[in-house]
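See structure below.
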Amino acid sequence: MSAEPTLLAPAVATLPPPRTLPARLLRNPVVALGTGFLLLMALIGAFAPFLGTLDPTAINPATRNRPPGFERTLRAEDGSTTTFRHRMGTDSLGRDVYSRVLYGARVSLVIAVAVATIALAVGLLLGLVAGYIRPLDGPIMRLMDGLMAIPGILLAIAVVSLFRAGLPAVIAAIVVPEIPRVVRLVRSIVLSVREEPYVEAAVMAGTRLPQLMARHILPNTIAPLIVQGTFIAASAILVEAVLSFLGIGIPPEIPSWGNIMAEGRNLFRVYPHNILYPGIFLGLTVLAVNMLGDGLRDTLDPKMTGR
Amino acid sequence: MLGYVLRRLAASIPVLAIVAVLVFLMLRLTPGDPAAVIAGDNASSEQIAQVRHQLGLDQPLLVQFLIWIGNLLQGNFGESFFFKKSIGDLILGRVEPTLSLAAATMLIAVCVAIPLGVVAAYRHGSWLDRIVMGASVLGFSVPVFVIGYGMIYVFAITLGWFPVQGYQPLSAGFGGYLHRLVLPALTLSVVYIALIARMTRASVLEVLNEDYIRTARAKGQVERKILFRHALKNAAVPIVTVVGIGIALLIGGVVVTESVFAIPGLGRLTVDAVLARDYPTIQALILLFSGVYVLINLLIDLTYSLFDPRIRH
Amino acid sequence: MAFRRSVLGLVAATAALLAPECAPAQTLKAVMHSDVKIVDPIWTTAYIVRNHGYMIYDTLFALDGNGEVKPQMVDTYTVSPDNLTYTFTLRDGLKWHDGKPVTAEDCVASIKRWAARDSLGQKLMTFVEGMTADDAQRFTVKLKSPTGLLLFGLAKPSSNVPFMMPKRVAETDPNQQISDFTGSGPFVMKADEWKPGDKIVYTKFKDYKPRSEPASGLAGGKVVKVDRVEWLAISDQQQAVNALLAGEIDLIEQPAYDLIPLLKGDAGVKLVDYNPLGLQYAMRPNHLIKPFDNPKVRQALTYALNQTDFLQAVVGDPDYYKACKALFVCGSPMATDKGMDGLLESNFAKSKQLLKEAGYDGTPIVLLHSTDLPTLTNLGPVAKQLLEKGGFKVDMQSSDWQTVVSRRVRKDPADKGGWNLMNTSWVSADILNPVMSSFVNMSCEKAPFGWPCDAEMEKLRDDFAREVDPAKQKAIAEAVQTRWREVVPYIPLGQFYIPIAARKTVTGILTAAAPVFWNVEKKK
């Protein structure tokens, strides 16, 4: 165990004991509902191949833009035929919208999780460095100020056009504008924590930097970061949709809710199913993530409640 | 006060310099070639090389950067690769629609959201509060273009109250100007209504628990007076902050809204410029937006002392 | 919520009070397929700039509704018995928009600038010994050897069109864009109202003297029947249709196919098929790099693909497409089926066999796919699926069209920013014969992107340029198509038609290779 157990105590006190934390969180109905819905979406995405779907990229120009419920005869390699029902209709290339929406859950959730994780990790690292290593504070924070001053969506557009269009490019594009806010948050926490008497005492007791970070500083950043992360995840799903709308999102071979909607948006009045179904999934998921974020904040970080 | 403003303005110069370098580097590293786009559909390689030379794109990066910065310091944004017009004029011609859209959006948002937030806080925990909070989460959860199409379908196509698209300059008559502005502004305001209503509710709620409010109540002051004179005034700092951040973030929403409603503003200019790889125009626009962002932040900080005399600069 | 409802109510009340906006009846508002950003139709081949050219400039000759060359600015012309000297006399009373008279000198300078840029013009110049202005209204062209290209070239209907400009403008370096928009066409461009990305405005040119013949195709009297034409930029396809249905605009040049049911179902709107030859989809392989440097691999493309899948996926409604293997477009004088049997029928076995013979090693083909132009977007996935069935491995790389345009001119290997395959479309009027069609230009480095190289094809094209007898021209076109089968410079993916959608109050839209606005009337 630790060499200075008494000094560790205040840091631990900011987080409830781990064993009861999940239970406490789930007792909050908003958190439970949000978590439940997101789990359901994750399962749908993971098991998409077994939920009666077709290849989401298989095109069939002969049966394009068919309404939900349209039935088509599929011919297997051995010549046998089956009837397939397009539950959500087909899109302008005859692809099955139901399959695309289910597979799209994977991509949209991956984007949400990846963006939140990367933004938090990079932001945490830079924030810790800026907050703790004085000579680097100035340069890092000026760079962050610069990034923050560029409107996020423009920054994303520019980043996307840097790379070949694809999942990594879109994730990078959504991550970059999110980083400065995380860095600022972490840095401000670091700055306030370092002034705490128990941290100063630890420093004087000769605790080495990695230990100091791990024991005293990191634990204080976890709760606000988790809360911040959920909001980043929610906005990532929306920004992906906007990038697709502007024609610079993920290419349509990789279905995401955003690009299914973007592709279908011109047909909104004629074939609303192209935008309706992915829209419902997207809206509900973002809603669930936001609810989860609100609930987590109420439970983990009562000071920030309501913001 | 003046010293503070000057110091803040001076501090924003390095920020803008960083933006300038970032944007310049980012654009030059992109794979697109403006020369090929400009030269047209079946231009030969020689023709493209010639265009590249004319645009100065065959020079070393550092030289290109120095030329650009040099011109910038003389107040010259340069000439657009495509429109063959000075970028200053190009931007100036697009300011009115975007400014109008932004102002109308924030006006609607503030007028709707602050009363909603105050009422929700006052009736904390009631069904009204829950509806306001629920609707506001929903407000952030729908992409702005979906809201736009929905509004168009209901108010322009089905009911026929508003035009489907377009913008009319103020100089062509206030009626037509307003008529065409309402729908896009409503569309864009949804997310800000959600944001500001939540912030207002939270701040007012915090203030309502303070001692002086209890004192005022105990003294028998009218509720409305308590709510609007004491509570709202004291909750103003965070609300102003969120409104300010909202204005700064508006440009993202403006890009999409202007595309949906075919409004010839800065947002569409930006998208067009990016898709056409019109480097000087993109650089100028991003610098401009960054400058606006920095200024708004300064204004927010200054208004703090207006609402809260304890904050002095 | 109560607040919001009352705000909406208030807004609705305001809206009801405001009278619907009331533009002068003689303003025609159109949404074209693209925004006008560049205004030099000689410098760029972009179709929107060609359309702009037809508004403000005039041509010496023009193709009429039957595809025949008719004089336009030219009043009369004479040809010497040896077919080597042409003398042209301009019509009386032609004026530039600044009021000055149109002179023969202006025309000679304009032809020179056009011929410096246009591929047909460049070919034509190899036949021309000299051009001189004899007096204010007459000029002479002397040829080295007889050719049918001179009159046809001066009547070239699509990009680049030899538009006539004042001498001071035409003397601009052909590689620089012009900045003076003075023409002698039926409309005047309002330079002060031009806002790129928003709109471009034209007004009727009061001093324009139309020919006395009725308008036919791009020839005949260009009588302007509206006071003002505005081209508005509405980038959102559905919004353009919504605006047309609501009567906010009068015309859409290229409505999205999938929205046509909406237009067909509305009593106030009609669809006009103005361009009977339509357009052609084309797939272009890059001949410089592996594997399409091998003709066998290119031949495999012609077996693996079929046109109907592409046309169904992009156009959908069979009223608006036609599977047509003729390189020089079904419905034109040079149309032929020769050499096409067995091709473009998705014979995957044959395709695989050819790939095996060619030793194709399974390196993925880089297929450039543009995602922002509705008429091209769906081509990519269809190509990918068909080629994979035909034994190719395909790496489809998606981006916006402008990126495709920048990338397709790069000669690098496919994995270093280059490319193997791309899809595009041509207006049929651009590819009516072997000399015009840039994709059968196989002059190696001088050929457009894709850079195909074949001396025999080039010889056939030269023969065609020299030939003046239509029957012999047709025979050469057949020979070109037979040669095409061996060397496959490109693959035609079918013909399609884009109707103009207009309010029923708009009448007089001409059948022509380009959308033109003279003769168009707007009733109250």
Side-chain angles (χ1 to χ4, degrees), chain A residues 30 138-139 141-164 176-177 231 234-235 237-242 244-248 257-258 261-262 265 268-269 272 275-276 279 282-291 293-294 304-307, chain B residues 11-12 14-23 26-27 29-32 121 133 137-138 140-146 149 152-153 157 198-199 201-203 205-206 238 242 248-256 259-260 267 270-271 274-275 277 282 285-287 289-294 297:
Chain A
V30 176
M141 291 322 286
R142 291 298 80 72
L143 185 67
M144 291 303 125
D145 287 346
L147 275 182
M148 235 169 138
I150 305 176
I153 193 83
L154 299 190
L155 195 56
I157 294 173
V159 173
V160 158
S161 48
L162 256 176
F163 303 101
R164 189 183 144 187
V176 173
F231 293 122
S235 101
I237 299 177
L238 286 174
V239 174
E240 190 270 322
V242 167
S244 289
F245 169 85
L246 294 173
I248 48 173
W257 293 330
M261 287 168 85
R265 72 175 213 272
F268 179 46
R269 287 189 62 189
I275 198 164
L276 197 64
L282 181 139
L284 287 180
T285 303
V286 176
L287 193 65
V289 181
N290 275 327
M291 279 162 59
D294 277 355
M304 287 168 75
T305 302
R307 304 229 166 144
Chain B
S12 68
V15 173
L16 291 180
I18 288 170
V19 171
V21 175
L22 278 179
V23 169
M26 207 143 60
L27 290 177
L29 295 174
T30 55
M133 291 305 282
V137 184
L138 199 65
F140 311 130
S141 305
V142 185
V144 66
F145 63 92
V146 176
Y149 287 135
I152 290 165
Y153 190 75
I157 296 172
R198 283 167 71 88
M199 197 63 195
R201 174 185 173 275
S203 316
L205 210 52
E206 211 165 291
V242 85
L249 291 179
L250 219 95
I251 190 64
V254 161
V255 169
V256 175
S259 292
V260 170
T270 312
V271 177
V274 168
L275 290 180
R277 309 280 183 273
I282 308 172
L285 282 166
I286 293 192
L287 263 188
F289 291 137
S290 309
V292 170
Y293 177 88
V294 169
N297 270 319

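Treat the numbers as computed from the prediction; the structure is a model and nothing was measured. Hydrogens, waters and symmetry mates are skipped; everything else that's a heavy atom, side chains included, is used.
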Quick check: closest heavy atoms across [X] and [Y], and the distance to 0.1 Å?
X      : Y      : result
A/G293 : A/F231 : C-CZ, 3.8 Å
A/G152 : A/P177 : O-CG, 3.6 Å
B/L16  : B/L287 : O-CD2, 3.8 Å
B/S12  : B/V294 : CB-CG1, 3.1 Å
A/M291 : A/V30  : O-CG1, 3.2 Å
B/S290 : B/V19  : OG-CG1, 3.4 Å

With a 4.5 angstrom heavy-atom cut-off, is it the side chain or the backbone of [X] that approaches chain B, or both, or neither?
X      : answer
A/M144 : neither
A/L238 : side chain
A/A241 : both

Under 4.5 Å heavy-atom distance to chain A, tell me which part of [X] shows up: side chain, backbone, both or neither.
X      : answer
B/V271 : side chain
B/L138 : both
B/F140 : both
B/I157 : side chain
B/V23  : side chain
B/V146 : side chain

Students often mix this up, so state it plainly: with edges at 30° and 60°, are the rings of B/Y149 and A/F268 parallel, tilted or perpendicular?
tilted
Which one wins on heavy-atom pair count under 4.5 Å against chain B: [options]?
options                        : value
A/L287, A/V289, A/N290         : A/L287
A/A149, A/P151, A/G258         : A/A149
A/L284, A/L155, A/I150, A/I153 : A/I150

Here the gap from A/M148 atom CE to A/M141 atom CE, rounded to the nearest 0.5 Å, amounts to 8.5 Å
